[in-house]
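In what follows, chains are A, B, ... by sequence order, proteins preceding strands, each numbered from 1.
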Amino acid sequence: MRVRFAPSPTGYLHIGGVRTALFNWLWARKKAGAFVLRIEDTDQERSTEASKQVILDSLKWLGLTWDEGPLFGGLGGGAHGPYLQMERLALYEKHADQLVAEGKAYRCTCTKEQLDAAREALKAKDPKANFRYPGTCRDAGHPKSSKHVVRFKVPTEGVVRYADLVFGEVVTPNAAQQDFVLLRSDGVPLYNFGAVVDDLTMGITLVARGRDHMVNTPPQIMLYEALGAQPPQFAHLPMMLAPSGEKLSKRHGAVSVGEYLDNGFSPTALLNYLVRFGWSFGDEEVFSLQDMIDKFDWARCNKSDGKFDAKKLAAINHEHLKQERLTPLETYVASVTPFLEKRGLDVVRDPRQRDLLRAAIPHVRERAKTYLEAAESLDFFLRDAPVFDEKATAKFLVAAAKPTLTEMADLVEGVADFTIEGLSAAFAKWLEAKGVQIKDVAQPARVALTGRSVSPGLYETIHVLGKARTVERLRAGAARIA
RNA sequence: GGCCCCAUCGUCUAGCGGUUAGGACAUCGGCCUCUCACGCCGGUAACCCGGGUUCAAUUCCCGGUGGGGUCGCCA
């Protein structure tokens with residue numbers, strides 16, 4: 001069993017593309033097959049080395065590792081390479097020659113300009129008209145030269161029929177096709193031909209891709225048959241649209257994987273959101289990577305297009321960050337660290353900082369929807385002194401709070417059982433003696449300790465900070481009050 | 001317009017002839033509470049329309065309508 005993901009390196013990796021890659025990857029992992037990555041760089045106008053790197057980088061960040069494909073960070077290689085189409089040109093020429101020799105394709109000397117003009121003329125006369133290549137060179141028998149394309153001789157009768165793993169039986173009349181181009185005049189293949197020759201020579205047994213490619217399947221099947229080969233299985237996935245129902249693009253929010261990385265999303269959570277898009281497993285919504293592999297199946301895919309929902313993605317992400325099962329502590333530490341570093345906090349070299357981080361994370365994980373937010377909430381734990389929020393300071397670090405903070409510092413200094421329970425008990429006793437409630441004193445203490453009016457619970461915060469820091473901050477807080 | 005595809009709450013979806021049509025997100029109440037969250041309880045909210053088939057259709061069939069994809073020497 002061999003599947004592939006074949007992006008073209010013409011920009012960032014789109015999350016719709018990630019969904020396609022994911023479904024292929026899951027199937028390969030589930031069936032112990034091979035997940036092949038192929039770069040379709042035959043559009044020389046738009047393909048760039050930089051976007052190829054971005055795509056490889058994005059896939060690696062997501063954990064969608066390829067068994068065969070371009071070499072990158074320890075991945076790639078394989079017996080069916082090269083995995084860049086521009087390095088496979090001889091293969092396409094060979095197959096095109098074969099088809100021409102067998103009379104299944106022909107050389108066409110009509111120029112792009114001529115055809116464009118004809119197309120324009122027809123459009124001008126009737127905007128809804130259906131332009132088709134008129135077949136000028138179909139039986140001309142042009143010899144091989146430098147100035148021709150190779151076209152496929154589409155059978156004029158019959159139908160193409162295939163059993164889509166998601167959509168069921170699809171039947172298309174051959175007459176709906178025109179004689180499409182296989183090879184450009186410079187010898188570079190067009191999409192359908194390149195994809196078929198590569199899928200064939202790479203031994204791909206199942207092609208899963210977006211429904212926007214469904215229209216390519218009949219001509220591709222014709223090519224397999226012309227080449228005397230058995231077509232692979234096909235599975236088309238419903239489309240992911242923008243909330244407005246139009247094509248999902250940048251103006252609908254983040255669509256490139258890089259933006260999710262930068263905004264502090266968990267790669268697994270992103271995949272979890274995407275796997276539920278066009279696929280379901282009863283009422284289950286939250287999956288680990290292994291859950292997805294175990295449960296994924298084409299039969300549970302559905303056929304109707306959907307709309308991207310950023311709020312649901314955020315909720316799934318939050319769910320992943322909350323659960324230790326889905327995001328183990330060490331993963332959390334590693335993932336949040338870059339965001340802490342962006343705030344000027346070094347947790348890589350200082351083991352004490354790492355310990356503090358480990359202790360603090362359980363208290364912020366249910367509060368932070370992203371690693372970016374988590375870094376914000378974790379900030380004061382890791383800093384020598386909190387950064388004071390102006391509004392919070394003005395509201396809570398007021399004259400009446402000054403003696404309270406000093407007393408609280410004394411209290412904490414004397415707590416022998418420095419656990420959350422011990423602190424809670426000590427505070428309870430103190431509060432009772434004072435005749436006040438925790439809510440009367442919590443906010444000034446919170447601001448003194450964290451610099452903000454929002455934080456984890458007071459006792460939890462004190463516990464993680466430790467006695468010395470707590471006492472120091474409470475006294476410093478009191479000192480800030482004139 | 002040709003060809004292809006689709007149709008359950010606002011959104012993602014469960015359902016595979018008989019259900020008070022379920023869940024999640026979002027939304028609106030409430031509880032919990034030292035802040036913010038988390039958590040918990042509850043509410044509003046859907047089978048596109050019309051014909052068949054059937055004792056019985058959200059479910060099967062046909063038609064309509066609506067939406068989407070695609071019609072390149074792009075992928």
Considering every strand and a 4.0 Å limit on heavy-atom distances, what is the contact class for [X]: base, sugar-phosphate, or nothing?
X	value
Thr217(A)	nothing
Gly306(A)	sugar-phosphate
Asn216(A)	base

With no angle test and no hydrogens, is the base of [N] tied to the side chain of [X] by a donor-acceptor pair under 3.5 Å?
X	N	result
Lys312(A)	A24(B)	yes
Glu284(A)	G23(B)	no
Arg367(A)	C36(B)	yes
Ser185(A)	C73(B)	yes
Asp283(A)	G22(B)	yes

Can you tell me the distance, in whole Å, between the [atom1] atom of [X] and the [atom2] atom of [N]?
X	N	atom1	atom2	value
Leu449(A)	C34(B)	CG	P	17 Å
Leu248(A)	G68(B)	CG	C1'	14 Å
Lys322(A)	G39(B)	NZ	C1'	9 Å
Met240(A)	G69(B)	CE	P	14 Å
Phe167(A)	A7(B)	CZ	C1'	12 Å
Arg452(A)	U35(B)	CZ	P	16 Å
Tyr273(A)	U11(B)	OH	P	12 Å
Asp440(A)	U33(B)	CG	P	15 Å

Can you tell me the pairing partner of [N] across any strand shown, Watson-Crick or G-U wobble, with both distances under 3.5 angstrom?
N	result
G72(B)	none
C60(B)	G52(B)
C34(B)	none
A7(B)	U65(B)
U27(B)	G43(B)

Rounding to the closest angstrom, what is the interatomic distance between [N] and [M] at atom [atom1]?
N	M	atom1	answer
C6(B)	C60(B)	P	12 Å
G18(B)	A57(B)	C1'	9 Å
U11(B)	U70(B)	C1'	27 Å
C25(B)	C62(B)	C1'	37 Å
U8(B)	C55(B)	C1'	25 Å
G30(B)	C16(B)	C1'	38 Å
U59(B)	C48(B)	P	8 Å
A24(B)	G39(B)	P	11 Å

Exercise for the section: For Lys434(A), look at atom NZ and say whether over 12 heavy atoms of other residues, nucleotides or ligands are found less than 6.0 Å away. Expected result: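 Result for NZ/Lys434(A): enclosed.
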
Exercise for the section: Can you establish whether the number of heavy atoms outside Glu169(A) located under 6.0 Å from its atom CD is more than 12? Expected result: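 Atom CD in Glu169(A) is crowded, with more than 12 foreign heavy atoms closer than 6.0 Å.
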
Handout entry: Positive for ring pair (Phe, Tyr, Trp, His ring centres under 6.0 Å) with Phe180(A), one of Tyr133(A), Phe193(A), Phe152(A), Tyr191(A)
Key =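 So the option named by the test is Phe152(A).
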
Ignoring backbone atoms, test whether [X] places a side-chain nitrogen or oxygen under 4.0 Å from the OP1 or OP2 oxygen of [N].
X	N	answer
Ser280(A)	A14(B)	yes
Ser453(A)	C36(B)	no
Arg132(A)	G72(B)	no
Arg211(A)	C4(B)	no

Handout entry: Between Tyr273(A) and Phe265(A), ring centroids under 6.0 Å
Key =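 Ring-ring flag for Tyr273(A)/Phe265(A): false, centres at least 6.0 Å apart.
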
Problem - Selection from G72(B), A75(B), A24(B) that lies nearest to any side-chain heavy atom of His213(A) - result: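 Among the listed nucleotides, the one closest to the side chain of His213(A) is A75(B).
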
Exercise for the section: With the side chain of Lys307(A) defined as its heavy atoms from C-beta on, choose the nearest nucleotide among U11(B), G69(B), A75(B). Expected result: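 Selected nucleotide (nearest to the side chain): U11(B).
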
Handout entry: Stacked cation flag Arg19(A) on Phe277(A), 6.0 angstrom / 45 deg
Key = no

Exercise for the section: May I ask you to check if Arg343(A) and Phe339(A) form a cation-pi contact, with NZ or CZ under 6.0 angstrom from the six-membered ring centre and within 45° of the axis? Expected result: no

Handout entry: Candidates His148(A), His142(A), Gln114(A) - the one meeting side-chain hydrogen bond (donor to acceptor under 3.5 Å, both in side chains) with Thr109(A)
Key =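 Looking at His148(A), His142(A), Gln114(A), the match for Thr109(A) under the side-chain hydrogen bond (donor to acceptor under 3.5 Å, both in side chains) is His142(A).
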
Exercise for the section: Check side chain to side chain donor-acceptor pair (under 3.5 Å) between Arg138(A) and all other residues, then give those that pass, not counting sequence neighbours. Expected result: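 With neighbours one apart ignored, the set is Asp179(A).
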
